[in-house]
Each structure stands twice: as structure tokens, then as C-alpha cells.
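See structure below.
A, B, ... follow the sequence lines: proteins, then strands. Residue 1 opens every chain. Model, not experiment: these values are computed from the prediction.
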2 protein chains.
Amino acid sequence: MEAIARIRSFNRTVTHQIGALEERFLGRDRSLGASRLLFEIGANGVEVRQLRARLNLDSGYTSRLLRALEAEGLIRTGRSSGDGRVRCVTLTRAGRKELAVLNRRSDQAAASLLSRLPEAQRPAFVSAMGVVERLLLASAVRLRVENPRGRGAQYCLQCYFAELAARFETGFDPARSIPTAPTHFTPPQGFFVVAMLNGESVGCGALRCRPDYGEIKRMWVAPASRGLGIGKRILQRLETLARKRRVSLLRLETNKALTEAQALYRSSGYHEVRPFNDEPYAHHWFEKAL
Amino acid sequence: MEAIARIRSFNRTVTHQIGALEERFLGRDRSLGASRLLFEIGANGVEVRQLRARLNLDSGYTSRLLRALEAEGLIRTGRSSGDGRVRCVTLTRAGRKELAVLNRRSDQAAASLLSRLPEAQRPAFVSAMGVVERLLLASAVRLRVENPRGRGAQYCLQCYFAELAARFETGFDPARSIPTAPTHFTPPQGFFVVAMLNGESVGCGALRCRPDYGEIKRMWVAPASRGLGIGKRILQRLETLARKRRVSLLRLETNKALTEAQALYRSSGYHEVRPFNDEPYAHHWFEKAL
DNA sequence: ATTAATCTCTGACTAATGTCAGATACATGG
DNA sequence: CCATGTATCTGACATTAGTCAGAGATTAAT
């Protein structure tokens, strides 16, 4: 079958079968929309803003669904610590109990699907699902050049630095690193690329155009979104931007703990060179001629 | 990731991504429900009954959707030729035009999904989709022992004989074949198994318990549902029924044109034997000890 | 300090989806 | 012919989903 026809057929079959399955197991006493909201809130709570972004809901509608859950005593809403406009939703004890019920039912649904297949076919089924999901997500990722002071960028940078602090043997203190200002990543001196998936920022990367070379910095991908090729796409986008600015040499440095990053750089045509700066957190220096 | 978690994650991702895609391309001027109905009616028309079964809709709701499409001048309803209670829906010229538009949009949606992936990953994506769809469908198939005079059984038999007539070199005339009555396939003398998928009959098979052996007959699977392992499952079910009735030998005969059937029998442990009857349409005779 | 933008909430809607109890017409088996 | 069952349709509802405009609180930008 031709690719387009296969995809269309897949779409129809999957939405039909999975939809029926979900309804049978989840659509008991609460509307599916409310159930989804409970799932998305999860055990740790989220900002209402995030809920809306992830599920792509209207703000009024979201609010109404939340009020309903609140009336049921399943959630509690409070101010976000950082920004007084933003509201945070967390589950109450009853809410956590209800989520556990939903999770159990959802597990049952998945198990019942699996149980209807002969054992021999299950591994193929599950791994094909993995492939489809991964590539479907990858196809939904969008890259955008953004202001490094913007919310998406700031969120990524915060996660990035937190990860460095956690993964570097020595911890990480931005003050000890070579100083960088947001303006270095603002056109035309540089660029800050953010990867978006379903309304959320899931990765970033930056290019700083110095007089004699371009510098790649701030490469980061959210742990939950790794393996989708987002890092590679960000890097390629930065390289394209560099070429447009007539940069002929790209350089970057990295810490020995960031092994995936090193693999990415090598597979993207970067090769290791002698240290070209005295970044105290760096163990490896790479460059690539454009 | 564990299988259950993978399936749950797949379900959420896929419904979300595919749902968004469909809405963006199809949900323009008509409700998604009505669009799906148009798709399902298709160029050749269907019985209202079938529509309801396939989409699992309430009869009142279906009727209302059909009235709306009729008011738009997209469909025409008429009596079924066979059964006066049943209504047949066909597209008008305008309806066919509208379906073409929907098909084009649906193609675009699929193409846009594909286009967002690097070329190298597309074959893997499409083939994984094929695997998931196939196994999802396979898992939704249900076998049931039914009355051979029932609607599902009669439908399958009709298709079965039509296929024999088309595929046999000599054509097929039931009167020339060894006569068989429905009672031969009615418990306890025999069994008639029907495979159901989404409310439709997509395959059948029968067992006739003779004094000294059991006979497998009427093995058929709808062309659109082949490759899902339905034939094998029907055969296994018939064997289980035979064992329960203490049948120790199973026999069957088949025409040389039905090569898939022969492959199925061989792979299920049947081996070819000398003719044990004088069925004029048979070229190969098989048996299996239970 | 003022203005503009952001986030959430409420009220007022509309459309879509789904359910249920008859009513009607036809079919089937005795 | 009659009893029973099936397929469809209609009217009357109920729920879910979604939209839109504006208000109030807060933050960011100038």
C-alpha cells in the first residue's frame, strides 16, 4: 500500500479502536475531558497555563472544567510562587485516589489490548507502537528563533542550568563560567532557537557570532523528549543561521559528563580540537568548518 | 519502557496528534461526525445498518446525521432491494464531489504528517504504522459460534460462494457440489463460527461432525481483513470444538485456486491425503489427527 | 507612574454528541 | 393471519464540548 493510504488507514483504525477502548474503561462516571485533565495534572500538580497548552484548550473551558473538579473535591488551586497571575493546580487526597483509579483502569485497558494478541506478536506490536509514537512526536516538534529573554527560552535555560548543576562532577555555578549576556544570542549578534512540542518548550540551542567564529551554546533537550532527534535539528538550524551570517567556522566546548552531546557533535561533523578558551567547566572543545 | 506503559503512552500521543491533524484538515465546514459518515458511505453506498455497526452509533443519532446530509443534498436514501426494512444510502453527484474534497484533504493531512519527517525515517514510520494497525485490528476480532441461518453467517456464505465462482477455473455451481444443509453446521451435529470486527462479519468457518471424522468447510475471510490471522483463529476454534465433541480426525478438501487456504492448512498441521470423497470442485484433500 | 500585556475567571452562547421512548413499516416463522 | 422481532425514524431530552467578550488581578515595558 502506498504511504499516504497507509497513514490514512492507520489514522482511522487507531482512532476508532483506541477511542472505543478508552471510552469503555475511562468513560464511566466522569466526562472524558475531565479525566484527561486529571491525568494531565498528575501527582505533582501543574500550572493552569501548562494544562491549556498541552491539551490545547480554551481558557474559559479549562476554567470551567477545573471548577467542576474543585467542586468534586478532587483538586485545589493556588497561586504560583513566581508569578501571581498564574494559578497552580494540585490534587487533593481524594484527587490522588481518583487518579489512581484512572491509572488502574488505563492499565487494564492497555493490558486487555495486549492480552487479545498471541504472545508471539506482542513484542512486535509494542515496539512498532514505540516507533510510531516517537516519529509522530518528532514530526510535531517545531523550531523557532526566539528572544532569549522570553518565557520559553528562560524556562529552557533554567532547566539547562539545573541539569548542568546535577550532572557536572563539580556542580555548576554560572558565575564561574565565561559570562554570556542574552544580547549575545539576539539577532543579529546571535540566535536563540527554541523547540516547541504541543505548546511546551522542550529544547533550546544558541549561536553567538563572534568576530572570527561562531559559538554554539546552551544546547539542551528536555529529558522526556530525548531520542526524537530534536538536538540534531536544533544544531542544524543554528548552522543554517550561521551560514546566512557568513560564519565559516563553528566552535563549542562541553563537559565530559555530557556524553550524548559529544556524540551529537561528532555525528554532526564536529571534531575535537585544542582548547580555544579557558572555560573552567569544559573538558572537550570541538569545531566544524561550514 | 514496560509494555503497558508504552501502550498507554502510545494511545495518548496518537489520539492527541492524529486528532489535531484531522481537525485541522477536516473540521472546516462540517462536523467531524458528518464527515466520518460521508467517508463511510463511500462512492458505492452502504446500508444504514452497516453504518451504525461500523461507527457504533445510536440509531436515532445516525438518522439525524443522515437527515442533515440529505438536506444538504449530499446523499439519497432508498430501500434495500432485499429487505424492505433496511435503508440504503448513496451519495448524490454533489455528495461524491464533497467526498472527493474530503479525500483530498485527508491525503493532504497524511502528506503533511509525512513531510515533517526526514526522508530517511519515512519508510520505518509507515511500516511501523502498518504493524500497529494490523495487530490492533487483529486484537479487535471476535469469534462466535452462530446459527448458520443467521444474518452474519448468511452474509459470509454469500461472499464465500461469490468468491468461489470468481476464482475457480470452472466457476462454481452449488448444485454440483456435495450437498450440505445448515443443520449440518448446527450444534450438536456441527458448528458455524463467524468472525466479527467492529460489528461486521469478516470471516467464517464450519465444522460438520460425521460419524467417523469431522469435516472442515466454508473457510472464508473477507478480502479487506486478510493478513490478520483470522483464518488461523477460526480453524483453531473449530479444532477446539471438534476435540470437545471427541472427534479424533479432521478432514477437508479444497480447490487448487485457493492457494492461501492450502498454505493455512499445511501450516496448521494438515497433510495432504488421497481423495476421501468425490467433491467435483476439489483438487486437494487434507487431514489432521487431533 | 503609566501603559500594555498576561493569566484567569465568569456569564452567555452555540454546536455537537448522545440517549431514550415510542411510532411505523416490514419480515419471519408458525 | 398473527405474534414476534428488526430497522428506521421522530421528538424530547441531557450532556459535553467549545467559543467569545469582557472583568479583575497582576506583571512587564517604557
Side-chain angles (χ1 to χ4, degrees), chain A residues 15 19-20 22-24 26-38 46-71 75-89 147 149-155 182 199, chain B residues 15-16 19-20 22-24 26-37 46-72 75-89 147 149-152 154-155 182 199:
Chain A
T15 49
E22 300 241 298
E23 240 165 67
R24 197 154 65 82
L26 299 183
R28 285 274 182 265
D29 32 2
R30 188 167 296 106
S31 81
L32 241 136
S35 293
R36 265 197 273 271
L37 218 55
L38 271 184
V46 280
E47 297 180 346
V48 169
R49 197 163 61 168
Q50 272 185 302
L51 273 183
R52 282 210 315 271
R54 280 193 212 155
L55 298 173
N56 195 28
L57 295 174
D58 171 84
S59 87
Y61 187 36
T62 311
S63 177
R64 196 151 302 117
L65 284 172
L66 288 176
R67 262 355 97 231
L69 290 176
E70 210 165 33
I75 61 168
R76 225 192 330 262
T77 53
R79 289 277 159 88
S80 160
S81 50
D83 186 332
R85 293 165 301 185
V86 177
R87 311 217 64 183
C88 264
V89 199
N147 185 331
R149 292 184 215 267
R151 195 149 54 79
Q154 284 299 313
Y155 169 78
Chain B
T15 50
H16 193 230
E22 299 240 295
E23 241 165 67
R24 198 152 66 80
L26 298 182
R28 285 270 181 268
D29 31 2
R30 188 166 295 106
S31 83
L32 242 139
S35 294
R36 267 197 269 271
L37 217 56
V46 280
E47 296 181 346
V48 170
R49 195 162 64 168
Q50 273 185 302
L51 273 184
R52 281 211 315 271
R54 281 193 211 156
L55 298 173
N56 194 29
L57 294 175
D58 171 85
S59 88
Y61 187 35
T62 312
S63 177
R64 196 149 303 116
L65 284 173
L66 288 175
R67 263 354 98 229
L69 289 176
E70 208 165 33
E72 278 191 88
I75 62 169
R76 224 188 335 259
T77 54
R79 289 278 159 88
S80 162
S81 50
D83 186 333
R85 294 165 299 183
V86 177
R87 312 217 63 182
C88 265
V89 200
N147 185 331
R149 292 185 214 266
R151 193 148 56 76
Q154 284 299 313
Y155 169 79

Whole Å only: how far is the [atom1] atom of [X] from the [atom2] atom of [N]?
X: B:N147; N: D:dT6; atom1: CG; atom2: P; answer: 13 Å
X: B:E23; N: C:dA15; atom1: CD; atom2: P; answer: 17 Å
X: B:R87; N: C:dA27; atom1: CZ; atom2: P; answer: 13 Å
X: B:D83; N: C:dT28; atom1: CG; atom2: C1'; answer: 10 Å
X: A:L32; N: C:dG18; atom1: CG; atom2: P; answer: 11 Å
X: A:R79; N: D:dT27; atom1: CZ; atom2: C1'; answer: 12 Å
X: B:L37; N: D:dT8; atom1: CG; atom2: P; answer: 12 Å
X: A:Q154; N: C:dT6; atom1: CD; atom2: P; answer: 16 Å

For a 4.5 angstrom cut-off between non-hydrogen side-chain atoms, does A:L69 reach A:V89?
no
Do B:R87 and B:L66 touch side chain to side chain, with heavy atoms closer than 4.5 Å?
no
In residues 48-71 of chain A, which ones come under 4.0 Å of DNA chain C, going by heavy atoms?
A:V48, A:R49, A:R52, A:S59, A:G60, A:S63, A:R64, A:R67
Nearest heavy-atom neighbours spanning [X] and [Y]:
X: A:R149; Y: A:Q154; value: O-CG, 3.4 Å
X: A:S59; Y: A:R52; value: CA-CD, 3.2 Å
X: B:D83; Y: B:R85; value: OD2-NH2, 2.7 Å
X: A:G199; Y: A:A53; value: O-CB, 3.8 Å

If you look at every strand shown and take non-hydrogen atoms under 4.0 Å, does A:R36 touch a base, only sugar-phosphate, or nothing?
nothing
Heavy atoms under 4.0 Å, any strand shown: does A:R149 hit a base, just sugar-phosphate, or nothing?
nothing
Would you tell me if any nitrogen or oxygen in the side chain of B:R85 comes within less than 4.0 Å of OP1 or OP2 on C:dT28?
no
If you count every heavy atom of other residues, nucleotides or ligands that lies below 6.0 Å from A:D58 atom CG, does the total exceed 12?
yes
